Each structure stands twice: as structure tokens, then as C-alpha cells.
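Take a look at the structure below.
First listed ligand is number 1; within each ligand, the first listed atom is number 1. Everything numeric in this text was worked out from a predicted model, so none of it was measured.
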Amino acid sequence: MTNSGDGEPGRDHRVRRAAEARQRADQARERAQEARDRLAELRQDQSRLMRHDERPTGSADHAERAGALADASIRQARRAAANAAAANRASADVHDSAARLHNQLAEVGIGDPDEHRRQARQHQRDAAADRVEAEHDDELGEHFAIRPMRAGAEADGEVADPVEGDMTGDADSIRARVDELLSKMTPAEKAGQLTQYFYFRLPAGADAEPALGLEVETQPRTVEAALARGEAGSLLFVTDPAEINRLQRLGVDGNRLGIPLLFGFDVIHGLRTIFPVPIAMAASWDIETIERGQAVAAREARAVGIHWAFAPMVDIARDPRWGRIVEGAGEDPFLGAAVAAAQVRGFQGADLAQPDRIIAGPKHFAGYGAAIGGRDYDEVNLSEYELWNVYFPPFRAAVEAGAGNVMTAYMDLDGVPAAASRWLFTDVLRQTWGFGGFVVSDANVVRNLVTHGFATDLTDAAARAVTAGVDMEMAITDPAYAHLPEAVQGGAVGEDVIDTRVRGVLEAKLRLGLFDDPYVDEDRARSVLADPAHREAAREAAERSAVLLRNEGGLLPLDIDRLGSIAVIGPLADSQRDTLGPWVFDFDLGETVTVLDGIRRAVGDRVRVDHAAGIPVVQRVFPSMFDMFGGNRPADPEGFEEDTEFARAVDVAAAADVAVVVVGEWQNMIGEAASRSSLELPGRQLELMQAVAATGTPTVLLVMNGRPLDLRWAADNVPAILDIWYPGSQGGAAVAGLLFGAASPGGKLPFSWPRTVGQVPMIYSYTRSHEPDNQSRRYWDEASTPLFPFGHGLSYGAFDYADLTVEPTVIPTDGSVTVSVQVTNTADREAPEVVQLYLHQRHGSASRPVRELKGFQRVVLPGQASRRVEFTIGPDQRRYWSTTERDWVLDNSTFDVWVGGDSTAELTATFTVGRTAIH
Ligand code: BGC
């Protein structure tokens, strides 16, 4: 198997790779054997436990766990065998090509022909031996192709399978492997590993984005040249598995050490199966649904070869003028933290080495959501009090959930570009929270340190970012990190800093198992992307995220049997692209179910359905940078005539038994670089809604949005308002289910819904300050309360809260209380409710908010059913960062608790911390 190189670097390299492949194959076989032994033991354990007639408490659990572990071991063993076979076959291929090379050299007479022929024969023998080994591995794999012990636990077909174990080796072996690679890398190769390139293949004639320095024609060529030099660590923006395999091959072959590429992408709310936008998912307050959504997204992404999502976006957003509010979980740190952690778990599972999982990259660290004036990219000035108490908690939760990556923000935070903040990336993220993954810059951000008027040139920019703790630079072309070798040579950065950064990136690649198998199976990718279970998960998520804002007189749900005709009005009602929402690129428009489609399918030929757009598509004043991607720029149908169409819409509504009007923002009006100076409905939508309502036909308003819009008129005049957000691929099917009562809405607002733009930022968790009784009259021209409060959302049930208890009512500083409440659904039908708990500290080392969310539980109660719901309030819920102490504090104080269905809940109780110690 070993082969003496004859001094040619290319051949040496290939021979070394053959030896490495062989070594890995041996290791994989050993692991397969270990897994088999473990399996035998576990099986014995399980049957012993099953034989017990008198099972000790917990034995069923034990048996279940043993069964699960056994299943996991079977899968591990099978994958180990498959890896071993693949490695042996790869090794055989390398020997074959080395043999061919020696024969050619012998023929053309370079060097000693006899020696070449001898070497060729040796390589052929080695290749044959490897193929025999591969067959043994196949046999071993077949041995494990038995039914798993736990019913339905076949990993490959499951969305979120808790597979245990790490196929890619333990921490020590990963460290050793990284050490070895580092010792062989040149400075340019190291800088390459720290560089991530966009790879843009845009449609011919697409308008490039000049602000990004993007040249459509040359960009892909520049990136491929970097791959050929072995000087790129990661690519983003490729989603086609064949293209990913092609680029991966260029990357692996171009790199002297065969280091594979990491592929990253904005997997924000689904890859092919599009889920509701993130703000909608947060509005479900349904942690399992949120986790499952990202597990589906991860499964699709990994199947096409994507290893890493630039998600979740966990920026707190309190100003809806900022378009990126749609990507996050809204205004509240407690809800934001729960949603952030759920998403990380969904993407990554328990272990990145599991199949179908990808690295999660919470972003944008930190404070990006507080852009001044809600203007994307503009500066942020936040006190440490706000950072620690409001903006950091979702990041911390994501880190604690094990996020493998964190992305920087674009803007200046308190006068320092966030991407060059040592405080953020070293002191807070790594030293305080113990983050062990790698940090990526946002797009072009390291170069932009020069643009900000901060760094002198690209070398200085690279040095400052890398020293602050930014491991990888995301670049379109011409990365600043290409100047890192220069920065090291000039003494601006120590080589050890570079090695630490490279280590993070290589470890991620090893943990993902990319060195063993960097390519994807394109056939499998096709079948995963088509999985109907994914579409069903998306439908259910859309159903759970809709928020019923108003339902006067119980207009909803509509009774199909009593309807003769429905008018579906508005241009968004039948727009597939808008139904999906922003931040998706790999969608399949053909299978997207619009509101109109969903209604038509639900009623069949029982009810007549007429559609009229009524008004034209509204265009942005300044186009969106996302318009350069195909299908993103909306257009009117041919021959559209505005006045005729408006009149037709009103006629159709007048003639119908019920009118369903869809209003909102077109998807390119929200998201990145989509800030607004107003919250009004764009175009003539208000006028259209008013004209429809004036016909006297009962009207249901559906709002398609990612931020609160000015609905003051509707809130007074339209009986039913359902916020459907951008509901995704199956949105229309979910909306129809809600309209006709197959399911009940149960979502709750993750932000306070302002009346008008002049009120923003508007939050429910303000402090009492001066004259709190006048709080609702801070403006003389408009109430300073929201139109709909944080946490608001109705259902087809009716929930009553009673008998609130807190026990004990006096606790020591580090003690906890149990809060318990009786929740009753007084309606006759089943419905979901999110029970929310709010807390207020009356006095202490800071003035604390009037209320803060500190607990929530989503329950589904049958009609007339009642349940007790319990929460624990301990030090974690009471602790806050105090400006007085410049530290985290736990004050002794009196606390008010409210429990109810939104942030205005009135049922209240108190407890005291610290007066008397309880033992
Ligand atoms: C956004 C990031 C995104 C990146 C890559 C940037 O403009 O701010 O959130 O992940 O582009 O698409």
C-alpha cells in the first residue's frame, strides 16, 4: 500500500492522500467494530430488562433508552461501513491514476521506464487490494442493514432523529488532525481557510449590485481561481447539489492538503419547502413547531450539500421601520431567547455529525436591530443596560444551545464597527459565554472597516477584525483577509492568532465529517426536497403562526355550508412569490399555494369563488437589491387597467356572501435594505378595503406582512382581521383551514402593534418613569398605547383565567416561587391558547420595566375543558444587569405577577424576595 514518491510534488500529494484515505478507512472499520460490540451489549441489556416481570421503576424507560441507543449504534455502524467502503474506493481510484501516470511517463521516456513500470504495478496491486477491502466493508454494512429496534426510527427518513454519538471522532483526534494540517499549511492557505466567497451565477442580463462591488460576469471566475489556488475555505449562495459537488471538487483538488469547502447559505425559513417567515414562526409561540421547521430546513439544506445556515437572526427589533424585523422574533428578549435556542436545536440537533444537520449561525452580533431611525445599516447607540438585558439574551441562549457559528453585524455599535469589536467577540462571546465555534463577518464587512473610516487600508482592516475575534471573512471579491500574511509579516497580528482562527474553521469541517465525505448524492437530494412530510410541516406551521387580531360577532370561522359565493380581493391574494415572503431563493413557485388557491381547494365546487386584484402591484421608490434574483420583482398581468379593475373588485365583493380582502406589503418591501419611513398600506389598498367594506358584504381582512402596518381604520371597521404573515409554500392551504374552521388560530403578536409610525419604537416593557398614570396620553394627538398589545391573539375558543396562586409568597434571594393558574376554554370547540406570565419588580438597584414576559406555555384545550398551568419563577427570571452595580444583580424586592392571554393581563398576585429566609 505504501508507495515511495519520486519527488514530483503533485504525485507525492496524491500518494499521501491515498495513504490518508486508507488510514481513515481503517479507523472507520475499527469504529464499525466497536459499534457492533456495543450493539451486542445493548441488546443483551435490553432483553434482560424486558425479561423482568417485576420491573423496577424506570425500567421501561431504560429499555426504551437502550433500544434507542442500539438503533443509533446500528446506524453508526452502517455509516461507518459505508464510509470505510467509500474511502477504500477513493484510495483505489488514486492508485489507479498514479499507475496510469507512471505508465505514461514510462512511455514518453521521462525518468527510468523500468522503475516507472514497477511503480505502476505496485499501484495497481494496491488499488486491487483496496477494492477487496471495500467489498468487505460493503458486506459489513449489509450486516447492519437490519430493522432498527425502535419502531419508526429509521434515521434517513426522519426529520429530527436523536442519534447519539459522533462518527467523526472525538475532540482529541479532531485536535490532532487540525494540528497536523496546520503544521503543513502556508500563510496564504491559512488566509484562504479564513475566506468565504459568494459564488454568484446570476441570470444572464441581471443587474449587478454596484454597491456590493459585484460584477456578474467576472465574479464566478475569480472565485474558481481562488479554489484552484487552494485559497478559499468556504462558499455561499450555491444551492444546486450538482453545482455544489462541482465546486467542492475544484476546492478539494485545488487544495494541496485536500481540505474540503464549507458551503453556507441563508437558510432563513426553509430551503425548498418554505415555512412562514421567522417573525411568523415566533408568533406561534410554539417551540416544537419552530424547532421542527428548522430541522426540515436543515435536512433539505444538508441534502443539497449546504453545511451551515446564516440563521437564526436573533436581533431584537423594536422599530418596525427596520425591514429586517421580519427575520427575527420581535421585541422581547425572553421570547427571543426561547425562539433562538429552538432554532439552533432544529438546525444542529444534538450533534452535528448526525445526518441531516447543519451548523447554525445566529446573527448579527450585536445590536443591529436598533439602527437609528429604523434605517438599515445605520449606526446603533445602545447602553450596556440595554445590550445585556435586551439585545444579548437571544444570542446567549443560542450559544448555550450550542450554536457552531456567530455572524457579525454591519454597523457601528457605540462608535466602533461591530465587526472590529474585541469586546463583543472576545470578551463577551468567548470569554464570558464560552462560545467555542467560529465567527464569520457579514458580507464585505471586513473590507468595510476602511469604508467606515476606521481602518487605514485592507491590511489594517484584516488585522483589526482577526484580532477582535472574527475568524472568517465573507467577501464578494477581493477579500481583506488575503492581506493577512502581510499583516503577520508586518507584526500587526501574531501567527498564533491566525492559527487559532484557522483551527475553528477546520474543526467545524471535521465535526461535520467533511473530510470523510465532502460530496452529496444528487438523487437523494431530489427525493429529500420532494418529501411531502416537509410540506405538511410547513402547512401546520403556517396554521399555528397566524394571529387573529379581531373577530367581531364571531364572523370567523366561515361556514362553508351557508355560503353561496366568496369574493377574494387584492393583488396579494393570488401572488405565489409574495406568499413565500423575502429571503428565499430556491423556491418552487409552481407548488406554492396562494390564498386564492387554498380557498378554491377547500370549497371545491360547493361555493363560487371570484377573484379580483382591484389595484395594481405597487413598486418601491428605490428598487430592492434582491430584484436581481429571478422572479423577485412583481409585475401586473398584461392588459391590466386600473380603474376598470378597481370597479370590478367592488362589484365582485358586492355580489358575494363574504369578501376576503388580502392586504399587506409586497415581499420585496421587507427584509434587508427594506426600511420604510411609513407604516401605511402601500398603494391604494386602504381605499380598496374601504370600498369593499362599503358594499355591506361581511368582510374578512387577511394581512400579509412582516411588520405591523397602519390598520387603524380596519380595527374599527372590518369585523375580522387575521394576520397571516408571509405564510410560505403551503400558506394558502393553512389559511383556508383557519377561515373555514378546520383549525383555530392561536398565534400571538411578538411585538406591540403601533397605531402609527410616529409612535415607534413602541414596547410593552417600558419603565414607569414620571407620571405613569398619564402613560397613555404622552402624545396630545394620538393615544400612546398600541393598536394591539404584545402577546395579543384571539382564537375560536374563549379563555378564562382564574385562581392565580403564588407559593411561597416570601422567599430568600436565591429562592423560587411556583405560580399556578386555572385556564378554562369556555367555548364549545377545541382551541389553542398561549398562557403568558409577566413580572414586575417594584424597587431595587434600577427601575425595572412595568412588566416583562418571564414564562409562557402553549396549551390546546377542548371545548369546556379546564387545566392548571404552572410556572416557576426563580433567580434566572429575576436577575438583570444593573447600571448601578455594572453587573448582574438579584434584588430583594416585592414582585407583581400577571398571568393571562396577552401583555395587558389583569389577573395578578405578588410575592416578596428576601425579607425572611425560608428553610
Ligand atoms: C446579510 C446577512 C446574510 C448575508 C449573506 C448580508 O447582507 O446582512 O444576514 O446572511 O448577507 O447573504
Side-chain angles (χ1 to χ4, degrees), residues 195-202 208-214 219 223 234-239 262-271 277-279 294 297 301 306-317 322-329 340 343 347 358-371 375-378 380 394-395 398 403-413 417-419 438-448 451-452 470 472-477 479 581-586 624-629 632 668 670-675 706:
T195 304
Q196 178 184 52
Y197 285 99
F198 279 83
Y199 187 85
F200 277 124
R201 265 210 193 284
L202 288 167
E209 188 34 67
L212 298 176
L214 171 60
Q219 204 270 348
V223 176
S234 174
L235 298 186
L236 76 148
F237 248 83
V238 198
T239 56
L262 261 186
F263 284 84
F265 191 61
D266 288 279
V267 187
I268 307 297
H269 52 116
L271 185 76
V277 286
I279 191 79
Q294 297 304 31
I306 292 167
H307 311 120
W308 159 27
F310 307 130
M313 191 202 87
V314 303
D315 295 315
I316 293 291
W322 189 56
R324 303 198 78 170
I325 187 174
V326 67
E327 290 176 60
Q343 294 194 73
F347 282 125
I358 57 178
I359 295 177
K363 65 188 186 185
H364 308 83
F365 201 50
Y368 182 35
R375 294 183 294 272
D376 207 2
Y377 312 143
D378 275 0
V380 169
F395 282 100
N405 171 257
V406 166
M407 187 186 287
T408 75
Y410 273 128
M411 73 308 142
D412 295 316
L413 174 65
F438 67 104
V439 171
V440 69
S441 80
D442 202 342
N444 277 359
V445 153
V446 182
R447 296 178 54 83
N448 281 358
T451 315
H452 283 232
V470 178
M472 187 181 269
E473 176 188 12
M474 182 191 287
I476 292 178
T477 46
W583 270 120
V584 290
F585 303 93
D586 194 51
S624 160
M625 67 172 169
F626 293 106
D627 290 348
M628 67 180 171
F629 297 99
N632 272 4
N668 69 349
I670 186 107
E672 185 175 350
S675 294

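E473 and Y197 are not linked by any side-chain donor-acceptor pair at a separation below 3.5 angstrom, with hydrogens and angles left out of the test.
Here the straight-line distance linking atom CZ of F237 with atom CZ of F310 works out to 8.5 Å at 0.5 Å rounding. Taken to the nearest 0.5 Å, the CG atom of L271 stands 8.5 Å off from the CD1 atom of I358. Considering CE of M472 and CH2 of W308, their distance stands at 5.0 Å, rounded to 0.5 Å.
Among all protein heavy atoms, the one lying closest to atom 7 (O) of ligand 1 is Y410 OH, 2.5 Å. Of the protein's non-hydrogen atoms, E672 OE1, 3.2 Å is the one closest to atom 1 (C) of ligand 1. Nearest protein heavy-atom contact of atom 6 (C) of ligand 1 is D442 OD1, 2.9 Å. Nearest non-hydrogen protein atom to atom 10 (O) of ligand 1 is D266 OD1, 2.6 Å.
Here D376 pairs with W322, Y368 under the side chain to side chain donor-acceptor pair (under 3.5 Å) rule; sequence neighbours left out. Looking at residues two or more places apart in sequence or on another chain, you find a side chain to side chain donor-acceptor pair (under 3.5 Å) between S234 and Q196.
Within the listing of ligand 1, atoms 10 (O) sit less than 4.0 angstrom from a heavy atom of F310. If you number the atoms of ligand 1 from 1 as listed, the ones under 4.0 Å from a heavy atom of L236 come out as 5 (C). Proximity to K363 (heavy-atom distance under 4.0 Å) selects the following atoms of ligand 1: 2 (C), 3 (C), 9 (O), 10 (O).
Using 4.0 Å as the threshold, M407 has a heavy atom nearer than that to some atom of ligand 1. For the ligand labelled ligand 1, residue F237 lies inside the 4.0 Å heavy-atom shell.
When heavy-atom distances to ligand 1 are checked against a 4.0 Å cut-off, M625 has no atom that comes that close, whether in backbone or side chain.
In terms of modelled atom types and a separation under 3.5 Å, the side chain of Q294 and the main chain of I268 share a donor-acceptor contact. Within the 3.5 Å criterion, the main-chain N or O of Y410 finds no donor-acceptor partner in the side chain of D442.
Geometrically, ligand 1 and W583 share no nitrogen or oxygen pair separated by less than 3.5 Å. Between H364 and ligand 1, an N or O atom pair is found at a separation short of 3.5 Å.
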